[in-house]
Amino acid sequence: MKIFVTSILVQDQDKALEFYSEKLGFVKKEDVPAGEFRWITLVSPDDQDGTELFLEPNDHPAAKEYQKKIFADGIPATMFGVADINQEYKRLVENGVKFTMEPTKMGEVTIAIFDDTCGNLIQIMQK
């Protein structure tokens, strides 16, 4: 068994697609109608056959409440790995991404946290 798709709740699929592709650099893999929403997945440009990130609409009241509460408590919705966190931090800041935590060493890892503008805090990590 392996992880094929993972999801992140988003308030607006179009806004999320723009942010995750244009600001972060992920590549759109799927974008097909799924009822009133769309099945939109993205992948890493370095691993286009790897795990897909589904931009899942937070349409359900429980999803909205969950997303709102973890954001308010400063809890990242997910984590992405990077090879050089300082270089990635600089690139993202230059792309207009707003960080709530600059790169910070925590034991064996260095982490940073940013706002995805779609209702989530996202953590990046370098091991």
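As the structure is a prediction and not an experimental result, all values here were calculated from the model.
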*Counting N and O atoms only, with roles assigned by atom type, does the side chain of Gln67 sit under 3.5 Å from a partner on the main chain of Cys118, one being a donor and the other an acceptor?*
yes
*Say whether, by atom type as modelled, one donor and one acceptor occur between the side chain of Asp116 and the main chain of Ile122 under 3.5 angstrom.*
no
*Can you name the nearest heavy-atom pair linking Leu9 to Ala63, along with the distance?*
CD1-O, 3.7 Å
*Is there side-chain contact between Phe114 and Thr100, with heavy atoms separated by less than 4.5 Å?*
no
*Is it possible for you to say whether Phe37 and Tyr66 belong to one hydrophobic cluster, with membership spreading through side-chain heavy-atom contacts below 4.5 Å?*
no
*asked:* Donor-acceptor check, side chain of Asn95 to backbone of Val97, threshold 3.5 angstrom: yes or no?
replied: no
*Rounded to the nearest 0.5 Å, what separation is found between the NZ atom of Lys23 and the OG1 atom of Thr117?*
8.5 Å
_Measuring only between side-chain heavy atoms, which start at C-beta, is Thr41 closer than 4.5 Å to Asp31?_
no
*Heavy-atom distance under 4.5 Å between the side chains of Asp115 and Phe99, does that happen here?*
no
*Following the transitive rule for hydrophobic clusters with a side-chain heavy-atom cut-off under 4.5 Å over Ile, Leu, Val, Met, Phe, Trp and Tyr, establish whether Val93 and Val82 coincide in one cluster.*
yes
_Working to the nearest 0.5 angstrom, can you tell me the gap between Phe54 CZ and Trp39 CH2?_
5.0 Å
*Do Glu108 and Lys127 touch side chain to side chain, with heavy atoms closer than 4.5 Å?*
no
*asked:* Would Gln48 and Lys29 count as a side-chain contact (heavy atoms from CB on, under 4.5 Å) here? Give the steps.
replied: CA-CA 8 Å; Gln48 294 191 28; Lys29 179 129 184 182; 5.5 Å; no
*Measure across Gly50 and Val43 and return the closest heavy-atom pair with its distance rounded to 0.1 Å.*
O-CG1, 4.1 Å
*Worked verdict on Val109 versus Ile111 for side-chain contact (heavy atoms from CB on, under 4.5 Å)*: CA-CA 7 Å; Val109 300; Ile111 64 169; 4.2 Å; yes
*Whether Ser21 side chain and Val27 backbone form a donor-acceptor pair below 3.5 Å*: no
*asked:* If you compare all heavy atoms of Pro103 against all heavy atoms of Ala112, which two are closest, and at what distance to 0.1 Å?
replied: N-CB, 3.8 Å
*When hydrophobic residues are tied together by side-chain contacts of less than 4.5 Å, even through go-betweens, does Val32 share a cluster with Phe4?*
yes
*Which pair of non-hydrogen atoms, one from Leu53 and one from Ser7, has the smallest distance, and what is that distance?*
CD1-C, 4.3 Å
*Donor-acceptor contact below 3.5 Å, side chain Gln126 vs main chain Ile85*: yes
*asked:* Checking Thr104 against Met106 for the side-chain contact (heavy atoms from CB on, under 4.5 Å) test, could you report, in this order, the C-alpha distance in whole Å, the side-chain angles of both residues, the deciding distance, and whether it holds?
replied: CA-CA 6 Å; Thr104 304; Met106 302 233 178; 4.0 Å; yes
*Mind checking whether Glu88 and Lys90 have side chains closer than 4.5 Å, heavy atoms only?*
no
*Please examine the side chains of Glu102 and Tyr89, heavy atoms only from C-beta on, and report whether any two atoms are closer than 4.5 Å.*
yes
*Linking I/L/V/M/F/W/Y whenever their side-chain heavy atoms sit closer than 4.5 Å, directly or via other members, would Phe26 and Leu121 fall into one cluster?*
no
*Can you tell me how far CG of Leu42 sits from CD of Glu30, rounded to the nearest 0.5 angstrom?*
10.5 Å
*Close side-chain approach of Thr6 and Thr51, heavy atoms under 4.5 Å*: yes
_Val10 side chain near Asn58 side chain, heavy-atom distance below 4.5 Å_ = no
*Go through the steps for Ile124 and Ile113 under the test side-chain contact (heavy atoms from CB on, under 4.5 Å), then give the verdict.*
CA-CA 6 Å; Ile124 55 175; Ile113 300 172; over 6 Å; no
*Give me the ring orientation class for Tyr20 and Phe80: parallel if the planes are under 30° apart, tilted from 30 to 60°, perpendicular past 60°.*
perpendicular
*Report the distance from atom CD of Glu18 to atom CG of Asp12, rounding to the nearest 0.5 Å.*
9.5 Å
_Side-chain donor/acceptor of Gln13 to backbone N/O of Leu55, under 3.5 Å_ = yes
*Atom NZ of Lys105: over 12 foreign heavy atoms under 6.0 Å*: yes
*Looking only at atom types and distance, does a side-chain atom of Lys28 sit under 3.5 Å from a main-chain N or O of Ile40, one as donor and one as acceptor?*
no
*What distance do Asn120 atom CG and Ile70 atom CD1 have between them, rounded to the nearest 0.5 Å?*
6.5 Å
